There are 2 protein chains.
Amino acid sequence: MDSTERLKEKGIRPSHQRIRIYETLASTKAHPSAEAIYKELSEELPTLSRTTVYSTLDLFAEKGLAQRLALSGSELRYDADISRHVHFRCRGCGSVSDLAAVRAPAPPEAQEGYVVESSQFYAEGLCPACSSRLDP
Amino acid sequence: MDSTERLKEKGIRPSHQRIRIYETLASTKAHPSAEAIYKELSEELPTLSRTTVYSTLDLFAEKGLAQRLALSGSELRYDADISRHVHFRCRGCGSVSDLAAVRAPAPPEAQEGYVVESSQFYAEGLCPACSSRLDP
DNA sequence: GAATATATTGTACTTATTACAATCCCGTAT
DNA sequence: ATACGGGATTGTAATAAGTACAATATATTC
Ligand SMILES: [Mn+2]
Ligand SMILES: [Mn+2]
Ligand SMILES: [Zn+2]
Ligand SMILES: [Zn+2]
């Protein structure tokens, strides 16, 4: 299914900008920030505005087309893979990757009165590149 | 054991500011931000600087005297309870609380090359107060 | 008590994000 | 085909959290 269809499916009007932002997000495993996507698309769409990227990613997260990752580090990261999986953030280089081999815990059962809408499990430390560079 | 001893134990010189910041953090279940602690202590210590609060909380996190929580929401929260437990952030009021009834997953086994230093499991949604105010 | 090291303070700066108003674009009705 | 209207996009200005830095104050060692 193409990007346009995916957006429509989630009730998002498939403008040119939104399609390209979604395709950019879906084509990488880097879990980019809004700024990273903005930079990536700036050449191709010179009039693209940061505001559009921010509000579009926000919209994607609201509509369940992408997940927003709040890990340590100052910026929010986004992921077009909406399946439940575990993330890793490297404190050396700031990269975010999937820990595919780790089983993600199920969302916690709501306790009395709480409404659980989402959950995240993530780890931090050093990625392979940084651990060989810094540790030994 | 008193706060002074706890700081010494972790190799932190127990200055007056550090002691009061630790005691403030340890006396609440609200998981305060640096700003919240600064406001709380400002009356008692009128010359206290934000910079001191930020750097002290940072030091506590480095030395293992407190944990730093990066949840969704713009600011970092801190917790003097360093045991492994699950957190909940309310998107209505921004409050952060413990989900005491939920078992926290163990830190993921490091995959080839990765060095895992910490991990977090947290949920988001509506707290009891906000869910009764917004939902029904 | 002087010399040295560490902690604190205040200010300026950076960075990520949001608010907002003006303009643009696109689907529909005339 | 043209005009209308509402959502989308843009650019600028503002906010908020956090950091850098240099000066001052406080504590520790000699
Ligand atoms: Mn992922
Ligand atoms: Mn807690
Ligand atoms: Zn790395
Ligand atoms: Zn709430």
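Here is the naming used below: chain letters follow the sequence lines, and residue numbers restart at 1 for every chain. In this text the structure is predicted, and so the values were computed from the model without any measurement. Heavy atoms only: backbone and side chains are in, while hydrogens, waters and symmetry mates are out.
- Nucleic acid contact for B:Ser74: sugar-phosphate only, since backbone atoms but no base atoms lie under 4.0 Å from a heavy atom of the residue.
- Whole-Å rounding puts the A:Leu76 CG to D:dA16 P distance at 17 Å.
- Distance CG (A:Asp58) to P (C:dT18): 7 Å, rounded to an integer number of Å.
- With rounding to whole Å, B:Tyr54 atom OH is found 5 Å from D:dA17 atom C1'.
- Between B:Val53 and A:Ala34, the residue whose closest nucleotide on DNA chain C is further toward the 5' end is B:Val53.
- Nucleic acid contact for B:Ser15: sugar-phosphate only, since backbone atoms but no base atoms lie under 4.0 Å from a heavy atom of the residue.
- Nearer the 5' end of DNA chain D, as judged by each residue's closest nucleotide, is the contact made by A:Pro46, out of B:Pro14 and A:Pro46.
- Using a cutoff of 4.0 Å between basic side-chain nitrogens and carboxylate oxygens, B:Lys10 and B:Glu62 are not scored as salt-bridged.
- A:Phe88 and B:Tyr114 have their aromatic ring centers within a separation under 6.0 angstrom.
- In the model, A:Glu40 has no side-chain atom that pairs as donor or acceptor with a side-chain atom of A:Thr24 under 3.5 Å.
- Atoms NZ (B:Lys39) and C1' (D:dA17) sit 12 Å apart, rounded to a whole Å.
- Rounded to an integer number of Å, the gap from CD1 of B:Ile19 to C1' of D:dT26 is 14 Å.
- At the phosphate of C:dC25, neither OP1 nor OP2 sits under 4.0 Å from any side-chain N or O atom of A:Gln17.
- Taking every side-chain heavy atom of B:Glu75 into account, D:dG18 is the closest of D:dG18, D:dT9, C:dA16.
- Side-chain atoms of A:Arg13 lie closest to D:dG6 of the nucleotides D:dT10, D:dG6, C:dT6.
- Distance CG (B:Leu69) to P (D:dA17): 16 Å, rounded to an integer number of Å.
- Taking side-chain N and O atoms only, B:Thr51 has no distance below 4.0 Å to OP1 or OP2 of C:dT8.
- At C:dT9, one or more side-chain N or O atoms of B:Thr47 fall inside 4.0 Å of OP1 or OP2 (strictly under the cut-off).
- For B:Glu23 and B:Ser3, the side-chain atoms include at least one donor-acceptor pair closer than 3.5 Å.
- For A:Asp58 and A:Arg68, the salt-bridge test passes: some basic side-chain N is under 4.0 Å from an acidic carboxylate O.
- Rounded to whole Å, atom P of D:dA17 lies 15 Å from atom CG of B:Leu71.
- For the OP1/OP2 pair of D:dA8 and a distance below 4.0 Å, the side-chain nitrogens and oxygens of A:Arg18 include at least one atom meeting the criterion.
- Mapping A:Thr56 and B:Ser33 onto DNA chain D via the closest heavy atom, the residue that lands nearer the 5' end is A:Thr56.
- The CG atom of B:Leu57 sits 13 Å away from the C1' atom of D:dA17 (whole-angstrom rounding).
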